[in-house]
Every structure is written in structure tokens, then in C-alpha cells.
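To keep things clear, I will list the structure first and then write my remarks on it.
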Amino acid sequence: MVDALFLGFAVLTIVSAIAALEMRSLIYGSIALMGTLGGIAGFFILLDSPFVALFQIAVYVGSIAVLILFTVMLVKRELIFKMKEDRKRRYAGIGLMLIMMVALGSLLFSSGLPSITTDEPPVDYKEIGKDFLTYYWPALIVMGLVLAGSITGAIALARRVDGVEDEQRTD
Amino acid sequence: MSNELIDFLIVSIALLAIGIYGVSVKRNFIRMLFAIEIIINAANLNLVAFARFIPNSEGQTLALFSIAVAAAEVAVGLALIIVAYRMYKNIDVADFRSLKG
């Protein structure tokens, strides 16, 4: 049975995902994306995974969405509202989306998954901490290095060299 | 728990399909990044849903790693957008042609 909370989160997530892609203004689009990410955090809470939900809110809704918002604000005003797309390509995209939904949905319903429910107690978040520090510790260290490297790379990429005129291409 | 596994999987499939639509149709670099984020979130939802119904803690651990990698990816992606915007004064991917053979 689907409860009202689940339905609310589902509507929020899917409607705001469509709005994020289809809204004319990129700023409203990124705010709608925040709705999608928050809705997913809600699903995580429904799935008894409060730790992942917390992480989702802190990383996605808190930092990534704000980062995207600031990047959008660095872009010229007319580019924020510009929506240039091929009509044929759009219909092909919608077709691809529907085919994907129908194919994966029918695959899902023909599998044994619809009958799965659970009465077992949720996994304790202490388990996750233990996993991180015992079995997955090399991965955790590599993750830290990857994050540090990517942030350094991002800063190095976006750095503006003072005194040098921006290169502008006309082609 | 009143919800079944299939409910979460249906939402996940819907998000995946919307994300693929966005990646294939949109030509705006930032909107393509939105679509990629939506796809990554669909995958995370799948991981956590299966982890809850099996049940084990590995799915949640993997979802946490995935969120961290996605954060790194977005940081680099946005830096690339800034660089590309500075070079071409545009964020339309069709205009980024210097790598075209």
C-alpha cells in the first residue's frame, strides 16, 4: 500500500524534476532541482535511512544546489532565459523517455520484485560507521583524495589570470 | 513498513527517464548537468531501496560514496562551465567546437 507521505514525495520529486528541465529561467530551474533533491531525501527517510538523508540534505540541497545557483548567476542574463532546442529532437527525446519508462516498467512488473515487502528492523546507522572504518577504509581514503583533487582542479580551472585579457573565440 | 519495494523503483525509473530526456534534448550545459544530477539521484534511490528491503547496510554505504563522488563531479563540471563560458561567451554545447575534428 502506498501512503500519503510517499505520494507527496513522489509528486514533489517528479514534478520538480520536470520543472528543473523545462522552466524558462535557469534560476527557477535550479530552485526546482532543489525540490527534487529534497524529495529524494524524503524517500531516504521513508526507507529508514536517516543518515543517508542527512548526507543528501547537507551535500546536495545545502551545497551543490547553492553552487549551481551561483554559477547560474555568473552567466549573462540573456543566456539564462535562452531555450534553443530542435523540435524534432525534443519529440525524439520524449519518445525515448516513454519507451524507457514502458520497457523498464514492464520488466519490473514481470520480475519477482513486486511481491517483496519487509518487516525486518532497519539497519542501524552504527553499522554504516563500522563498515566505513573497517571494511571500506581504503575506499574512504581514496574518496578523500579524490574530493581534495577535484576541488583543487575545479579551483585551478576556474581561476582568472589577472592582467590577461579573456580569450574570445568567434568561430 | 507500509511501502513496497516496487513503489520506490517506479519513482526511480521515472526520474531516470526524465534525466535521459534532459541529457538527450537539452543543449544548455547547465541543464545537462541538472539532468545528470537527476539520474545520479535515481540511482541512489535504487541503492537505498534495495538496501532497505534485503536488508543490509552495504547499499547505504555505497549511496554515501556515490553522493560524495557526485559532489566532486558537480564541482569540476561547474568549473568547466565557467571556463567554457569565458572562452565562448555562451553555454550552448553546440557552440563548443574547438575539439571537433
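To find a chain, count down the sequence lines: A is the first, B the second, and so on, and within it residues start at 1.
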Would you say the side-chain atoms of B/Arg31 pair up with the backbone N or O of A/Ala20, donor to acceptor, closer than 3.5 Å? yes

Is B/Ile40 in contact with chain A via its backbone, its side chain, both, or neither, using a 4.5 Å heavy-atom distance? side chain

Once salt bridge (Lys or Arg N to Asp or Glu O under 4.0 Å) is applied, do any residues pair with A/Asp124, and if so which ones, sequence neighbours excluded? none

With chain A, which of B/Gly22, B/Ala68, B/Ala35, B/Gly77 has the greatest number of heavy-atom pairs at distances under 4.5 Å? B/Ala68

Checking heavy atoms, do the side chain of A/Ser30, its backbone, both or neither come under 4.5 Å from chain B? both

Is the centre of the B/Phe65 ring less than 6.0 Å from the centre of the A/Phe132 ring? yes

Which one wins on heavy-atom pair count under 4.5 Å against chain B: A/Glu127, A/Met100, A/Arg89, A/Lys130? A/Arg89

Which of B/Ile18, B/Val11, B/Ile91, B/Val23 touches chain A most, by non-hydrogen pairs under 4.5 Å: B/Ile18

Let me know if A/Phe70 has heavy atoms under 4.5 Å from chain B in its side chain, its backbone, both or neither. neither

Report which part of B/Phe50 has an atom under 4.5 Å of a heavy atom belonging to chain A: side chain, backbone, both, or neither. side chain

Does B/Arg52 reach the main-chain N or O of A/Phe44 with its side chain, forming a donor-acceptor pair under 3.5 Å? no

Is B/Val25 close to A/Leu96 at the side-chain level, that is, under 4.5 Å between some pair of heavy atoms? no

If you tally heavy-atom pairs under 4.5 Å against chain B, which of A/Gly29, A/Ala10, A/Gly105 wins? A/Gly29

Interchain contact, A/Ala139 with chain B, by part (heavy-atom threshold 4.5 Å): both

B/Val83 portion near chain A, given a 4.5 angstrom heavy-atom threshold: side chain

Closest-packed option against chain B by number of heavy-atom pairs under 4.5 Å, given A/Asp131, A/Leu21, A/Val123, A/Leu108: A/Leu21

Is B/Asn41 close to chain A through its backbone or its side chain, or both, or neither, when contacts mean heavy atoms under 4.5 Å? both

Quick one: list whatever passes salt bridge (Lys or Arg N to Asp or Glu O under 4.0 Å) with A/Glu22, sequence neighbours left out. A/Arg90, B/Lys26

So what's closer than 4.5 Å to chain A heavy atoms on B/Phe34: side chain, backbone, both or neither? both

